[in-house]
Amino acid sequence: MSLKKMTYVVVAALMMSGTAFAQDASLPKLSVNAGLQAKLPEAIRTAGKMISVNNGSFPPYEIVTGTKLTGASADLTDAIGQVLGVKIEHESVSGLPAILAGINSGRYQFAFGPIGDFKSREEANDFVDWVQEYVVFAVQKGNPKSITSLDTACGQRIAVMAGGSAEKVIQVQAEKCKTDGKAAIEVQSFTDQPSSILAVRSKRSDAFFSSQAPLTYFVSQANGQLELTGVGQKNGFEDLYQGAVVPKGSPLGPILKDVVKVLMDNGTYAAIMKKWGLESNMIKEPGINLGGTLPK
């Protein structure tokens with residue numbers, strides 16, 4: 001079976017089992033907040049809808065099956081739509097560069113993500129941060145290559161998401177390995193999470209370096225074939241915040257921040273995050289452009 005066909009099989013299996021990962025949660029009833037609705041740009045109020053873009057492969061936040069989006073981000077954007085009195089439509093594209101290009105061209109109003117917030121990205125976009133994340137490794141069960149940190153990644157085949165922050169960190173580490181006289185890292189960049197995980201499960205990669213929340217999800221669905229390592233370490237990052245993305249200076253940024261604050265205050269945010277096993281990623285207050293810097 002080809003790698004591409006195997007990817008489709010793995011994706012289908014993960015999507016079918018994804019609902020088992022989420023726990024039932026009683027969500028508060030929501031009503032339109034007229035004050036926040038009035039702050040929306042006139043074009044959005046007239047259309048009665050907004051388009052949120054995603055890459056379709058960031059569980060348990062974003063899970064796309066056919067044309068249907070589920071996951072924590074889907075639940076939260078549904079709640080945001082209820083508070084603002086508008087319909088949130090979802091479109092999937094391939095990779096972060098396509099997401100950012102679509103937002104800045106005006107094709108999409110925002111990406112709820114969460115997407116990593118870094119000062120370099122804040123030059124062209126604003127981030128409405130609503131989770132804190134950590135970056136770790138997913139490896140084969142038993143960790144046969146003993147990958148526990150960036151330093152132990154030298155000489156290994158490390159899968160990352162193309163265009164993501166983890167790719168940048170691994171590239172910096174690859175240069176450090178060579179400077180230190182160690183074996184080079186083979187950086188393997190993929191456009192989606194399922195392909196990256198499949199590479200580890202099929203032993204084409206030694207580890208997948210990515211956000212802890214989706215890796216926890218994938219490990220839980222891997223029938224004991226995978227485990228996490230490098231947990232509780234900085235792994236090349238400062239405090240890592242992730243959130244929604246809007247064009248630089250967009251009035252939608254402060255509005256989304258205020259809506260997320262409403263959802264935090266009324267318990268909706270906590271209920272949805274707990275439903276999807278994301279308690280450790282919750283933050284107390286949303287913020288705009290809380291991001292740090294990546295290694296040079």
Side-chain angles (χ1 to χ4, degrees), residues 3 7 55 57-59 61 94-100 113-122 127 131-219 222 225-242 281 291-296:
L3 178 60
T7 299
N55 72 7
S57 60
F58 196 56
Y61 293 107
S94 180
L96 180 60
I99 288 176
L100 297 179
I115 293 172
D117 178 3
F118 300 100
K119 295 304 179 188
S120 57
R121 292 179 179 171
E122 291 170 9
F127 288 75
V131 296
Q132 185 168 6
E133 190 51 276
Y134 311 89
V135 178
V136 297
F137 297 90
V139 298
Q140 295 157 25
K141 189 67 175 180
N143 194 9
K145 295 300 181 73
S146 300
I147 300 170
T148 58
S149 64
L150 287 176
D151 285 338
T152 56
C154 295
Q156 311 299 340
R157 301 167 299 171
I158 308 298
V160 290
M161 287 284 288
S165 55
E167 182 184 53
K168 173 66 174 176
V169 169
I170 281 294
Q171 288 170 341
V172 171
Q173 180 62 31
E175 291 302 315
K176 183 176 185 297
C177 291
K178 290 190 287 186
T179 300
D180 293 344
K182 299 179 180 179
I185 294 174
E186 181 182 335
V187 180
Q188 300 174 327
S189 300
F190 295 88
T191 58
D192 59 71
Q193 296 261 346
S195 296
S196 305
I197 280 291
L198 177 60
V200 179
R201 293 181 68 169
S202 63
K203 300 183 180 180
R204 296 169 186 265
S205 300
D206 299 311
F208 179 24
F209 185 55
S210 190
S211 299
Q212 183 171 318
L215 290 190
T216 299
Y217 174 88
F218 280 119
V219 168
Q225 292 181 307
L226 302 176
E227 64 182 68
L228 295 183
T229 185
V231 176
Q233 302 181 57
K234 290 289 187 180
N235 290 328
F237 290 85
E238 300 175 5
D239 287 341
L240 178 55
Y241 291 96
Q242 295 182 340
N281 299 94
T293 57
L294 284 169
K296 301 294 185 183

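Contact check for Gln242 versus Ile115: no side-chain heavy atoms found under the 4.5 Å cut-off. By the 4.5 Å heavy-atom criterion applied to side chains, Leu150 and Val169 are counted as neighbours. No side-chain heavy atom of Ser189 sits less than 4.5 Å from a side-chain heavy atom of Met161. You'll find the side chain of Val131 stays beyond 4.5 Å of the side chain of Tyr241, heavy atoms only. Considering only heavy atoms from C-beta on, Leu228 comes within 4.5 Å of Leu215 through its side chain. With a 4.5 Å cut-off on side-chain heavy atoms, Phe218 and Val200 do not count as touching.
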### Message
Does Tyr134 form a side-chain contact (heavy atoms from CB on, under 4.5 Å) with Val231? I'd like the steps, not just the answer.
### Response
CA-CA 8 Å; Tyr134 311 89; Val231 176; over 6 Å; no
### Task
Take Asp117 and Leu240, measure what side-chain contact (heavy atoms from CB on, under 4.5 Å) needs, and give me the verdict at the end.
CA-CA 7 Å; Asp117 178 3; Leu240 178 55; over 6 Å; no
### Query
What's the verdict on side-chain contact (heavy atoms from CB on, under 4.5 Å) for Arg201 and Gln225, showing C-alpha distance, side-chain angles and the deciding distance?
CA-CA 7 Å; Arg201 293 181 68 169; Gln225 292 181 307; 2.6 Å; yes
### Task
List the steps and the verdict of side-chain contact (heavy atoms from CB on, under 4.5 Å) for Thr191 and Asn55.
CA-CA 9 Å; Thr191 58; Asn55 72 7; over 6 Å; no
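In this structure, CD on Glu167 lies 11.5 Å from OG on Ser210, to the nearest 0.5 angstrom. Between atom CD of residue Gln212 and atom CG of residue Asn281 there is a gap of 7.0 Å, rounded to the nearest 0.5 Å. For the atom pair Leu226 CG and Phe137 CZ, the distance stands at 14.5 Å (nearest 0.5 Å). Rounding to the nearest 0.5 Å gives a distance of 8.5 Å between OG of Ser120 and NZ of Lys168. If you take CG on Asp239 and CD on Glu133, they are separated by 12.5 Å, rounding to the nearest 0.5 Å. One distance of note links CZ of Phe118 with CZ of Phe127; it measures 8.5 Å at 0.5 Å rounding.
With sequence neighbours excluded, the residues forming a salt bridge (charged side-chain N to carboxylate O under 4.0 Å, His left out) with Lys119 are Glu122, listed by chain and number. Residues forming a salt bridge (charged side-chain N to carboxylate O under 4.0 Å, His left out) with Lys182 (at least two apart in sequence, or on another chain): none.
In this structure, a donor-acceptor pair under 3.5 Å is absent between the side chains of Ser146 and Asn143. Side chains of Glu175 and Gln173: a donor-acceptor N/O pair is absent below 3.5 angstrom, by distance only.
The minimum heavy-atom distance linking Ile185 with Ala153 is given by the pair CG1-O, 3.2 Å. For the pair Val135 and Ala166, the tightest heavy-atom approach, listed with the atom from each and the gap, is CG1-CB, 4.4 Å. Across all non-hydrogen atoms, the minimal contact from Val187 to Ala174 is CG2-CB, 4.5 Å. Heavy atoms only, all atoms of each residue included: Phe237 and Ser165 are closest at CE2-OG, 3.6 Å. The heavy-atom pair separating Ile170 from Val160 by the smallest distance is CG1-CG1, 3.9 Å. Across all non-hydrogen atoms, the minimal contact from Gln140 to Ser205 is NE2-O, 3.6 Å.
Not a single donor-acceptor pair under 3.5 Å links the side chain of Ser195 to the backbone N or O of Phe190.
Sorted by first then second residue, the salt bridge (Lys or Arg N to Asp or Glu O under 4.0 Å) pairs that include residues 148-160, not counting sequence neighbours, are Asp151-Lys176, Arg157-Asp206.
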